[in-house]
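Read the numbers this way: they start at 1 and go in the same order the structure lists the ligands and their atoms.
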Amino acid sequence: MADFDSVPVEKFSLKEVLITFQSCLTDSQEIVTDSYVNGWRGLVRFMNSLGSIFSFISKDAVNKIQIMVTHRNGENGDKYETLQSMVKYELDNNLVDLQRRAEHPESGCRTLLRLHRALRWLELFLEKLRTSTEDSKTSVMCTDAYNDSLAQHHAWIIRKAATMAFCALPGRAAFFQTMNVGSTEQVVAMLGEAMPFISKVYEITEELYKQHNLLELP
Ligand SMILES: CCCCCCCC/C=C\CCCCCCCC(=O)N[C@@H](COP(=O)(O)O)[C@H](O)/C=C/CCCCCCCCCCCCC
């Protein structure tokens, strides 16, 4: 897999997200790590286009993407092909800090868990956008989605910074335009197509982490 920094910057399209999250799922309902990471890359590119106020969020997301890329490019990269094989490999080989961060602060399992929690925020935010009306505020939809998901895992200072940044989001019409998908109707249709794949990926990961008691990794 190519290094994150060497990937050329392309114009964001919601279609890209749709395709990458759709292509995450194998026939046996495993989640392909490369596609999952590529989905996040597309989203981060989009967020970068919204302004530098989001750069502290972007930096953290890029850092986590890069950790996953490093695992995939490492000598045991094949063990990280799917999230299921990653969990099995890291647990079988005691590569996950279960109680407190110690010898394995950058395990695939704990890193992916942070992105997984963010995927729940995305799922909630996209659903709010999809069902929104002309006078709905993106900042309110984003904050509500955040408070119902990621916020409970963040320190006070991060919550403050995040909610301040959300206030800088463009209004609904400008936001839809930035998505580069077409008319409002086309955006709504696209969201309707993308949502089931994102939800499915979220559900399968949640179940995988639940089965192995990994949902609270430090
Ligand atoms: C057409 C799509 C429309 C939506 C596009 C959304 C684009 C969003 C792109 C990226 C989202 C960033 C994901 C952030 C992952 C955060 C992981 C995390 O929770 N990290 C914290 C814990 O990490 P550890 O310390 O345990 O290693 C870390 O403390 C976080 C720091 C940064 C602040 C994170 C705030 C997250 C807010 C997510 C909403 C993004 C809003 C973007 C606005 C469109």
With a 4.0 Å cut-off on heavy atoms, does Arg117 reach ligand 1?
-> no

Q) Any side-chain heavy-atom pair from Glu207 and Gln211 closer than 4.5 angstrom? A) yes

* Asked: Which word best sums up how the rings of Tyr80 and Tyr89 line up, parallel for under 30°, tilted for 30 to 60°, or perpendicular for over 60°?
  -> perpendicular

- Query: Is Met195 close to Phe21 at the side-chain level, that is, under 4.5 Å between some pair of heavy atoms?
  - Reply: no

Taking only non-hydrogen atoms of Trp40 and a 4.0 Å limit, the atoms of ligand 1 in range are 10 (C), 11 (C), 13 (C)

> Quick check: does Arg101 get an N/O under 3.5 Å from an N/O on ligand 1?
Replying inline: no

Counting C-beta onward and ignoring hydrogens, is there a side-chain heavy-atom pair between Glu134 and Arg172 closer than 4.5 Å? yes

Checking heavy atoms under 4.0 Å, the part of Ile158 that sits near ligand 1 is side chain

Under 4.0 Å between heavy atoms, the region of Leu115 that gets near ligand 1 turns out to be neither

Notebook entry, point to check: Do Leu214 and Leu98 have side-chain heavy atoms sitting under 4.5 Å apart?
Noted result: yes

request  = Flag the pair Arg101 and Asp97 as a salt bridge only when some basic side-chain nitrogen lies within less than 4.0 angstrom of an acidic carboxylate oxygen.
outcome  = no

Practice task
Flag yes if Leu208 and Leu91 sit in one hydrophobic cluster, no otherwise; membership is Ile, Leu, Val, Met, Phe, Trp, Tyr, and two members link when side-chain heavy atoms are under 4.5 Å apart.
Solution key: yes

(Q) With respect to Arg114, determine whether any N or O atom, backbone or side chain, lies less than 3.5 Å from an N or O atom of ligand 1. (A) yes

Among Phe46, Phe176, Phe56, the residue with a heavy atom nearest to atom 5 (C) of ligand 1 is Phe46

Ligand 1 atoms nearer than 4.0 angstrom to some heavy atom of Leu50 are 44 (C)

Please confirm whether the ring centroid of Phe166 lies under 6.0 Å from the ring centroid of Phe125.
no

- prompt: Do any heavy atoms of Lys64 fall under 4.0 Å from ligand 1?
  reply: yes

*Under a 4.5 Å side-chain heavy-atom rule over Ile, Leu, Val, Met, Phe, Trp and Tyr, are Phe54 and Phe175 clustered together?*
yes

Next on the checklist: I'd like to know whether ligand 1 has His153 as a neighbour, heavy-atom separation below 4.0 Å.
Outcome noted: no

| message | Do Leu124 and Phe197 sit in one hydrophobic cluster, given that two such residues count as connected whenever their side-chain heavy atoms are within less than 4.5 Å of each other, even indirectly? | response | no

Checking heavy atoms under 4.0 Å, the part of Thr111 that sits near ligand 1 is neither

Under 4.0 Å from one or more heavy atoms of Met179, ligand 1 contributes atoms 1 (C)

| said: So, regarding Asp60 and ligand 1 (criterion: nitrogen or oxygen to nitrogen or oxygen, under 3.5 Å), is there a contact or not? | reply: yes

In ligand 1, the atoms that come under 4.0 Å of a heavy atom of Arg110 are 24 (P), 26 (O), 27 (O)

A student comparing Trp121, Phe175, Phe54 should find that the heavy atom closest to atom 40 (C) of ligand 1 comes from Trp121

